[in-house]
Amino acid sequence: MTGPAILLLLAGLGAIAWVSARARALRLSGVARASGRRDAVHSLPGYHGWYVALWTLIPAGIFLAVWANVSPGLVTQSVLGDPAAQSLPMDGFSRSAILGEARAIATGAQAGAFNPAAQALVEPYRTALSHYGLAGAVLALVLAFAGGAYAFTRVRPDFRARTRVERLVMATLLIASLLAIITTLGIVASLLWESFRFFSMVNPIDFLFGTKWSPQSAAMGYGNEDAFGAVPLFWGTIFIGAIIAMIVAIPLGLMSAIYLTQYASPTVRKWMKPTLEMLAGVPTVVYGYFAALTIAPALRDFAVMIGIHGASSESALAAGLVMGVMIIPFVSSMADDSIAAVPQSMRDGSLAMGATTSETISRVLIPAALPGVVGGVLLAVSRAIGETMIVVMAAGLAANLTLNPFASVTTVTTQIVQLLTGDQEFDSAKTLAAFALGLVLFIVTLLLNIVALRVVKKYREAYE
Amino acid sequence: MSAKNPTDWKSDAMRKRIARRYAAERRFKAAGLLAVALSAAFLAFLLFTMVGNGMRGFTRTEIALKVDFPASPLLLDPANITDEALANANLPMVTSAVAQKTLGKDADALISPSAWISIRDAIKADPKILSRTETIDVPAATAIDLAAKSKGTPEAEVQVARLRQAGLLATGINWGFLTASDGTDPTQVGIWGAFKGSLLTMLVTLLLSFPIGVATALYLEEYARKSWWTDIIEVSINNLAAVPSIIFGLLGLSIFLNLLQLPRSAALVGGMTLALMTMPVIVIAGRNAIKSVPPSIRDAALGIGASPVQVVFQHVLPLALPGILTGTIIGMARALGETAPLLMIGMRAFIATPPGGIVDPATVLPVQIFLWSDEVSKGFVEKTSAAIIVLLAFLLAMNGLAIYLRNKFEKRW
Amino acid sequence: MTEEQQSLAIANPKMTARDVKVFYGEKQAIKGVSIDVDMDHVTAFIGPSGCGKSTFLRTLNRMNDTVASARVEGQITLDGEDIYAPSMDVVQLRARVGMVFQKPNPFPKSIYENIAYGPRIHGLAAGKADMDVIVEKSLRRAGLWDEVKDRLNDSGTALSGGQQQRLCIGRAIAVEPEVILMDEPCSALDPIATAKIEELIHELRGRYGIVIVTHNMQQAARVSQRTAFFHLGELVEYGVTSDIFTNPRQERTKDYITGRYG
Amino acid sequence: MTEEQQSLAIANPKMTARDVKVFYGEKQAIKGVSIDVDMDHVTAFIGPSGCGKSTFLRTLNRMNDTVASARVEGQITLDGEDIYAPSMDVVQLRARVGMVFQKPNPFPKSIYENIAYGPRIHGLAAGKADMDVIVEKSLRRAGLWDEVKDRLNDSGTALSGGQQQRLCIGRAIAVEPEVILMDEPCSALDPIATAKIEELIHELRGRYGIVIVTHNMQQAARVSQRTAFFHLGELVEYGVTSDIFTNPRQERTKDYITGRYG
Amino acid sequence: GCGDQSGGAGATRDQIRAVGSSTVYPFATAVAELFVQGNPGMKSPIIESTGTGGGMKLFCAGVGAQHPDIADASRRMKKAEFEQCAANGVKDIIEIQVGVDGLAFAESKQGPGLKLTPKIVYEALAANPYGKGPNKAQTWKDVDPSLPAIAISVFGPPSTSGTRDSLAELILEKGCQSDEAMKALKEKSEDEYKATCTRIREDGKYVDSGENDNLIVQKLGANPNAVGVFGFSFLEENKDTLKDVPINGIEASYETVSTGQYPGARPLYIYVKKAHMQAIRGLQGFLDTFAANWNPDGALTKRGMVAAPEDVRKKSAEIVKSLTVLDGSQLK
Ligand SMILES: Nc1ncnc2c1ncn2[C@@H]1O[C@H](COP(=O)(O)OP(=O)(O)OP(=O)(O)O)[C@@H](O)[C@H]1O
Ligand SMILES: Nc1ncnc2c1ncn2[C@@H]1O[C@H](COP(=O)(O)OP(=O)(O)OP(=O)(O)O)[C@@H](O)[C@H]1O
Ligand SMILES: [Mg+2]
Ligand SMILES: [Mg+2]
Ligand SMILES: O=P([O-])([O-])[O-]
């Protein structure tokens with residue numbers, strides 16, 4: 001029996017279970033209700049239907065899922081026992097390629113064989129497949145019947161079917177929410193293990209406080225010491241993401257939020273707000289392209305014009321500027337929210353004292369909203385330091401420890417991409433360094449987030 | 001305590017002071033307006049630049065090639081036109097010979113190296129032309145194409161002038177750009193493959209992140225009692241929303257590819273990786289939407305004996321749905337434009353066959369842009385910008401939809 | 001206090017509360033309150049803001065369960081059954097002890113659906129015809145039928161405040177509750193709507209046990225037969241309404257009634 | 001109505017309102033109200049919820065300007081000057097006509113800064129010493145000095161509700177206003193705090209023109225000398241407080257005062 | 001193409017997969033296209049641009065449908081890589097040199113017209129020229145008096161690419177070896193020799209420019225005084241804005257690169273798993289297409305590749321036919 005057929009059959013069984021259990025519940029509860037006692041009937045008939053249907057479907061479904069993973073192995077075992085399989089080549093890949101082909105023909109996924117050996121195995125495959133398919137189907141159906149029957153016997157007016165069904169719903173929701181933690185753990189685990197290996201080659205102190213980054217030296221066998229000082233990367237990341245980008249994003253974002261919330265007419269606000277939000281929706285690869293080809297050369301020309309020495313067309317400024325623009329909506333929407341969260345009464349209080357709007361904003365609203373704004377800025381920073389494509393395309397790769405915004409610097413994310421996509425040797429400190437960098441980045445964003453959440457929460461509490 | 005005189009509001013000093021305060025007010029307001037204007041201007045400049053660069057990518061220059069089939073060295077039986085036969089007919093050579101006959105010795109520099117494909121397609125469409133002379137429009141070489149549409153090299157300009165004179169040159173909309181896939185000849189490439197890859201990837205992302213995100217939001221907002229446990233979940237989710245996307249790439253690489261042995265370069269893995277990124281966005285938007293459903297609705301339902309699950313699924317969720325959808329669209333838009341994590345899981349690849357399903361190798365629009373921006377041939381520059389326009393149009397449409405939904409369903413209780 | 005309560009003793013109370021204490025986390029909001037509710041008398045809770053009227057009312061149908069920090073001690077029974085016993089199904093309890101809130105809160109659905117929602121989730125109607133009957137009956141009892149019978153498919157939120165509040169009462173009635181709790185049902189309404197609701201309460205008396213919280217002492221005097229005066233979480237005085245208003249035994253009650261504070 | 005007003009005619013009114021109408025978009029919230037405010041009498045506005053008390057109060061210092069949809073017709077003068085005239089500076093107006101809100105709304109700054117805020121933005125203090133004097137004087141007048149003099153640097157939000165409200169009154173006083181508008185200043189306060197504020201109002205009378213909105217008729221009776229009863233945007237009755245409470249001329253006033261509605 | 005079957009029944013793949021060098025990528029994609037055109041019905045091969053080393057890592061991860069069939073490389077496989085392959089069961093590897101790429105030096109058309117030698121390049125770029133302390137040269141003139149006094153500014157491949165390896169090996173080491181002491185050093189201490197001869201200064205004179213050679217081209221246009229280092233094919237394509245910088249007086253041209261006269265010439269390889277030849281449909285055809293197009297007048301040279309010398313091509317064609325496996329002992 002084929003997969004879809006059995007699923008269809010199960011679905012049918014589930015439907016039957018639902019209908020019959022519901023009908024039974026309907027009849028029984030009608031009787032019970034007639035008896036007059038209000039709490040004689042607990043759940044709606046539909047819930048009984050679901051209860052029985054779920055008992056019919058879930059055990060059988062779990063079995064099928066397991067079976068789908070186990071049976072191919074069993075099928076192959078039995079095919080390999082066939083005389084025709086004796087002539088198969090010994091080497092694993094060709095062998096499994098032939099088996100795979102035979103299987104594909106047997107299931108009809110493929111019309112003919114490239115490999116004559118495969119043709120011979122088609123028949124044994126077909127037999128084995130139908131054999132195990134049938135076995136699986138029978139077992140699944142038996143389980144479905146058993147589950148359904150058990151549940152059906154429990155259908156009584158006062159049986160709390162709704163509670164059971166709802167418990168399952170809750171469990172599903174709970175499991176879904178665990179996924180965030182699992183993902184986080186997955187990230188930590190996948191970073192931690194490789195980072196651990198890295199730190200067994202490179203002293204963490206050297207990594208965190210060294211000022212020289214030249215992984216290729218290490219790769220070329222100059223030794224690991226002195227090659228993995230990540231400070232220039234951290235500096236580049238901070239310089240671009242937390243300094244230049246924020247110098248652009250904070251004033252523009254904050255003032256935009258203030259203008260749009262406090263001054264603009266509703267129509268202007270209605271159109272401008274989403275327009276500005278679009279800045280966050282432009283793909284970063286587009287920003288990168290734009291920064292590299294339009295902004296960076298222009299900035300370099302400008303720098304040369306005003307006589308700045310060592311201006312590079314891959315400048316921290318170009319990347320930071322464009323990144324800052326990208327971040328504007330993050331800052332402005334957080335600022336917007338926090339200013340809006342300052343109670344109207346504060347604003348009224350100030351205005352009623354005879355303060356002008358700007359006095360009210362700068363002396364009452366902003367100070368009151370400051371924690372929220374700071375939280376928003378922290379989140380924006382964490383977004384900025386994690387940004388990859390813009391810096392990959394526009395900031396360059398030179399690990400310079402410089403204050404000159406027209407010079408080229410590099411960032412942690414750029415280096416991760418470079419280390420993992422460039423010429424690399426497996427298991428060298430160079431490759432593993434990418435994971436160590438990733439770990440640092442992860443920890444930093446985590447800390448920023450925890451701090452930001454704390455700040456924002458404190459501030460919310462102040463007004464609730 | 002000195003008894004102060006009542007304030008004299010009419011005094012000169014006071015008047016001056018008020019004038020100063022109003023001037024400050026105007027400056028402040030102007031600064032706000034300037035900030036908005038600057039941000040908007042930047043967006044406009046970006047869009048303008050991209051569109052300016054990319055519009056040309058949607059057009060293609062063609063040269064009318066007169067092909068005298070009977071006289072050509074083409075060995076094809078009109079009754080038996082199969083792919084096989086066409087592949088063996090050595091069409092590139094024939095095309096080159098024909099072109100040299102009509103266009104002169106340097107014809108190979110004028111027509112695209114894949115010009116023969118146009119001839120092949122013409123034969124396939126109508127085998128009868130093999131018995132007559134037919135004018136077929138073939139794509140011009142990149143240099144000619146560029147020179148015809150904008151400024152090219154001096155030599156190419158000369159050639160273009162010559163061809164124009166002869167009336168052989170035409171520039172038209174390049175529909176192929178929307179229907180073809182990646183290739184090596186800029187006159188032949190298209191974004192359909194990457195577009196389809198993006199669609200499939202987004203489908204996987206949506207199917208995974210939406211239900212899980214909504215379920216998580218519901219659990220956290222409606223059922224979970226506040227405890228260290230929910231705090232951990234909350235911090236994880238907020239953190240995931242801010243984790244650098246490249247780290248999701250590392251995760252996808254080590255979990256989906258190395259551990260679970262899922263196929264490399266597939267939309268499935270891309271979608272799963274992006275789903276991990278999108279889910280927290282949906283959770284956060286979902287929680288906000290759920291929070292904004294007034295508690296009085298919950299009270300009302302609970303007050304007549306609805307169970308918590310009924311309250312949520314019959315009242316809260318339907319009311320929060322527009323907000324959740326808006327958040328979902330924004331999250332999806334971000335995923336659609338995401339590049340970095342996909343580089344890690346093998347989607348930075350030359351894939352000339354559009355994917356047929358989620359396990360087929362695929363690439364996505366932004367990665368295609370990234371790849372094309374690194375191509376040798378100059379013809380790819382405008383293709384890159386054209387692909388950016390397609391991506392931007394897609395994204396703006398999604399953002400627009402989100403804004404529409406938000407405006408339409410935004411409720412105040 | 002115990003004396004007064006004794007004097008009020010009701011032969012066959014629908015609900016009884018005995019020494020009920022409610023805590024929000026550390027904070028005690030209700031400090032040992034005992035009260036009886038029966039079908040023949042409307043009970044009014046009065047007292048200054050924050051004295052615990054709403055809190056106590058919400059313990060009567062376990063709406064306080066939804067507040068994570070809330071904890072209830074003491075005993076509350078419905079028909080002699082402890083409503084905080086584990087065997088009590090809170091969903092059924094709330095169907096039997098309905099609630100009307102301060103701010104009218106109709107569902108953003110049609111008027112018909114607003115009324116039909118409760119009967120539907122409790123399986124009280126056998127079919128569409130049955131449901132129609134229930135809806136009409138409930139709207140009639142809520143005194144709203146004539147005003148809305150031609151527009152049952154309009155949204156419940158499109159009604160005026162007073163109509164919405166009557167819709168909410170109708171919605172509560174539709175599941176055939178035994179007791180109806182009303183938390184300042186008229187405080188968001190205009191005088192005419194208020195009058196209508198008060199009238200409605202008069203009509204419902206006898207059929208349902210009714211408890212009403214109000215900050216308007218005149219209203220308490222008009223609609224209730226029993227009044228409980230709360231202050232700082234304590235039940236200061238509980239007695240026959242006319243007695244309380246004309247002849248309060250406690251100084252605090254008197255001060256409050258005469259408007260010295262609140 | 002005009003008759004009563006005539007009878008009340010005040011020799012030298014601080015503020016006058018003549019036939020004031022207020023609209024929120026299409027909706028008319030105030031329907032032609034005329035009233036005088038002077039320094040010697042406290043004026044109380046009473047009336048059921050939504051009748052327009054707050055709206056009218058806010059037109060007196062143009063706080064309604066902040067509501068985009070609000071539009072005011074008629075004439076309001078301060079010292080004979082039309083406050084809606086283009087030449088009138090709203091910033092000054094609000095300094096001269098101070099306001100205290102229903103919910104105490106101290107700024108999240110220190111007590112000192114709360115008081116100093118107004119004088120600072122208006123440039124009323126020449127230096128730190130001067131400011132110290134203003135702060136002390138204002139806090140004394142608001143009856144708060146003794147309670148807070150040792151902790152002027154504590155946050156204003158850390159005070160109790162009643163103290164916060166007195167802080168807000170002190171804040172209003174600090175800019176030397178001529179009129180103080182109070183919108184239900186005690187409704188969020190406990191009886192003791194309420195009593196303190198009422199006492200304060202007594203003391204401030206004569207020095208400032210005072211208008212107070214209240215929903216508590218006993219309070220109106222206690223603190224005011226003039227009472228205006230609003231209903232549905234109309235000024236139903238306006239007169240000497242004792243007259244209104246003992247001998248209302250209008251049926252509606254009587255119904256309201258006796259608790260027939262509201 | 002279903003690659004996710006588990007349970008031991010094995011899986012097939014109907015698309016060829018190649019990974020590796022970004023330098024070989026354009027040629028591999030061109031072959032892929034030709035292969036599909038010549039074999040209608042075949043699905044297009046998947047070519048991934050991961051960089052040579054990244055490709056090797058994937059290539060050597062094992063035999064089977066989930067692993068690539070071909071690794072593209074802009075340098076020869078390293079011994080360590082070969083061993084890693086072997087450890088993962090990738091035993092029989094076929095090495096095919098497909099062509100040559102020139103490591104071109106170029107400047108903007110408006111540039112000063114520098115003329116360089118490996119020695120000059122070494123002295124200008126080395127971190128520690130001849131082991132005599134940090135490089136202090138600021139302008140080209142500081143390095144060689146015949147050159148103009150223009151600040152040294154070189155845009156080149158990043159430390160992580162195969163192209164950078166080639167720069168070190170083909171130019172820097174040669175320049176370095178102009179000093180006899182360095183040759184001696186090589187005998188004495190390989191490590192120290194490498195450090196002195198191939199380490200590039202990190203004070204901003206040499207700008208790591210990412211894998212994106214087009215960006216280098218763009219940047220040269222914007223910086224007329226800078227020199228760029230990248231694949232020869234990019235120079236060919238951008239002759240309108242760039243001009244080449246002769247090394248040892250030899251201009252980078254098709255002829256000079258293909259004959260090896262130009263010092264920056266380096267071989268390009270593909271590595272194929274013999275175990276996959278049977279199992280992956282069309283793999284042989286793909287190699288044949290490669291072989292058919294790597295001649296001097298073939299399609300690949302039109303894309304900017306430089307054909308390998310005649311004898312190399314012959315040998316490679318032979319390997320494609322006979323599928324001779326690589327002897328790991330020759331690798332370094
Ligand atoms: N969810 C809660 N968490 C903590 N404390 C609460 C909560 N709800 C109410 N309280 C507190 O319990 C006390 C009683 O509140 P309750 O709402 O019962 O008063 P009330 O008499 O109904 O007042 P009002 O007339 O203003 O409605 C108050 O001090 C209030 O602050
Ligand atoms: N910003 C506004 N926009 C539109 N309508 C408003 C606005 N503010 C008040 N109203 C309406 O104006 C009318 C008068 O409201 P107002 O707040 O002045 O009443 P009030 O007498 O102060 O009531 P309360 O005692 O509840 O404070 C009401 O119908 C109210 O709904
Ligand atoms: Mg209450
Ligand atoms: Mg009001
Ligand atoms: O991509 P590479 O050729 O530089 O390794």
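Per chain, numbering begins at 1; letters A, B, ... match sequence-line order.
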| message | If I measure from the heavy atoms of chain A, does B:Asn288 come under 4.5 Å with its side chain, its backbone, both, or neither? | response | neither
| task | Among the options B:Ile247, B:Asn399, B:Ile232, pick out the one with the most heavy-atom pairs lying under 4.5 Å from chain A. | result | B:Ile247
| query | Quick one: which of B:Leu240, B:Asn238, B:Ile237 gives a side-chain contact (heavy atoms from CB on, under 4.5 Å) with A:Asn449? | reply | B:Asn238
| said: Heavy-atom cut-off 4.5 Å, strictly under: side chain, backbone, both or neither for A:Val286 against chain B? | reply: both
| task | Identify which part of A:Leu174 has an atom lying under 4.5 Å from any heavy atom of chain B, answering side chain, backbone, both or neither. | result | both
| query | For the atom pair OG (A:Ser177) and CD (B:Glu234), what is the distance rounded to the nearest 0.5 Å? | reply | 12.0 Å
| Test item: B:Leu34 and A:Tyr259 side chains (from C-beta on) under 4.5 Å apart, heavy atoms | no
| If you measure from CG on A:Leu173 to CD on B:Glu222, what distance do you get to the nearest 0.5 Å? | 10.0 Å
| message | Between A:Phe290 and B:Asn53, is the side-chain contact (heavy atoms from CB on, under 4.5 Å) condition met? List the steps. | response | CA-CA 11 Å; A:Phe290 183 69; B:Asn53 288 343; over 6 Å; no
| request: Please flag which part of A:Phe330 lies under 4.5 Å from any non-hydrogen atom of chain B: side chain, backbone, both or neither. | output: neither
| said: Can you tell me which of B:Ser254, B:Ser39, B:Pro280, B:Ala37 forms the most heavy-atom pairs within a distance under 4.5 Å of chain A? | reply: B:Ser39
| task | Please state whether the side chain, the backbone, both or neither of A:Thr294 comes within less than 4.5 Å of a heavy atom of chain B. | result | side chain
| said: Please classify the contact between B:Leu38 and chain A as side chain, backbone, both or neither, with a heavy-atom cut-off of under 4.5 Å. | reply: side chain
| Contact class of A:Ile258 relative to chain B, heavy atoms under 4.5 angstrom | side chain
| field | Heavy-atom proximity to chain A below 4.5 Å, by part of B:Met398 | value | neither
| task | Would you mind checking which part of B:Ile233 comes under 4.5 Å of any heavy atom in chain A, side chain (CB onward), backbone (N, CA, C, O), both or neither? | result | both
| How many angstroms lie between OG1 in A:Thr183 and CG in B:Asn239, if you round to the nearest 0.5 Å? | 11.0 Å
| query | Under 4.5 Å between any side-chain heavy atoms of A:Met170 and B:Tyr219, yes or no? | reply | no
| request: Pick whichever of B:Gly400, B:Ser245, B:Ala402, B:Ser307 has the most heavy-atom pairs under 4.5 Å with chain A. | output: B:Ser307
| Which bit of A:Ile328 comes within less than 4.5 Å of chain B, counting heavy atoms only: side chain, backbone, both or neither? | side chain
| query | Which distance, rounded to the nearest 0.5 Å, do you find between the CE of A:Met272 and the CG of B:Leu33? | reply | 9.0 Å
| remark: So, the part of B:Pro366 with a heavy atom under 4.5 Å from chain A: the answer is both
| query | Got B:Trp372 and A:Tyr289 here, is their nearest side-chain heavy-atom distance under 4.5 Å? | reply | no
| query | Side chain, backbone, both or neither: which part of B:Leu392 has an atom under 4.5 Å from a heavy atom of chain A? | reply | side chain
| note | Given A:Glu359, A:Glu166, A:Lys270, the one with more heavy-atom pairs under 4.5 angstrom with chain B than any other is A:Glu166
| request: Specify which of A:Ser382, A:Ala434, A:Ser358 makes the most heavy-atom pairs with chain B at under 4.5 Å. | output: A:Ser358
| field | Among B:Ile330, B:Leu218, B:Leu250, residue most engaged with chain A (heavy-atom pairs, under 4.5 Å) | value | B:Leu250
| message | For a quick test of reading the model, state the closest non-hydrogen atom pair linking A:Leu276 to B:Ala40 and the distance between them. | response | CD2-N, 3.8 Å
| query | At a heavy-atom separation under 4.5 Å, does A:Glu387 approach chain B through its side chain, its backbone, both, or neither? | reply | neither
| In terms of heavy-atom pairs under 4.5 Å, which option from A:Leu185, A:Leu279, A:Ile175 contacts chain B the most? | A:Leu279
| task | Heavy-atom distances under 4.5 Å only: say whether A:Ile361 touches chain B with side chain, backbone, both or neither. | result | side chain
| field | Heavy-atom donor-acceptor pair, B:Thr216 side chain to A:Ala176 backbone, under 3.5 Å | value | yes
| message | With chain B as the partner, which of A:Leu260, A:Val282, A:Thr284 has the greatest number of non-hydrogen pairs under 4.5 Å? | response | A:Val282
| query | Side chain, backbone, both or neither: which part of B:Gln310 has an atom under 4.5 Å from a heavy atom of chain A? | reply | both
| message | Any non-hydrogen side-chain atom of A:Pro283 less than 4.5 Å from a side-chain atom of B:Thr339? | response | no
| said: With a 4.5 angstrom heavy-atom cut-off, is it the side chain or the backbone of A:Tyr263 that approaches chain B, or both, or neither? | reply: side chain
| query | Between B:Ser236 and chain A, which part of the residue has a heavy atom less than 4.5 Å away: side chain, backbone, both or neither? | reply | both
| message | So for B:Leu396, is it side chain, backbone, both, or neither that comes closer than 4.5 Å to the heavy atoms of chain A? | response | side chain
| remark: Most heavy-atom pairs under 4.5 Å with chain A, out of B:Ala31, B:Gly337, B:Ala35, belong to B:Ala35
| said: Are there over 12 heavy-atom neighbours, none belonging to B:Tyr22, within less than 6.0 Å of that residue's OH? | reply: yes
| request: Using non-hydrogen atoms and a 4.5 Å limit, figure out which bit of A:Ile450 sits close to chain B: side chain, backbone, both or neither. | output: side chain
| Can you tell which of B:Lys29, B:Arg21, B:Glu25 makes a side chain to side chain donor-acceptor pair (under 3.5 Å) with A:Thr356? | B:Glu25
| Heavy-atom contact with chain A under 4.5 Å, split by part of B:Leu391 | side chain
| Is there a side-chain contact between B:Phe42 and A:Leu321, using heavy atoms and a 4.5 Å cut-off? | no
| request: Please flag which part of B:Thr49 lies under 4.5 Å from any non-hydrogen atom of chain A: side chain, backbone, both or neither. | output: side chain
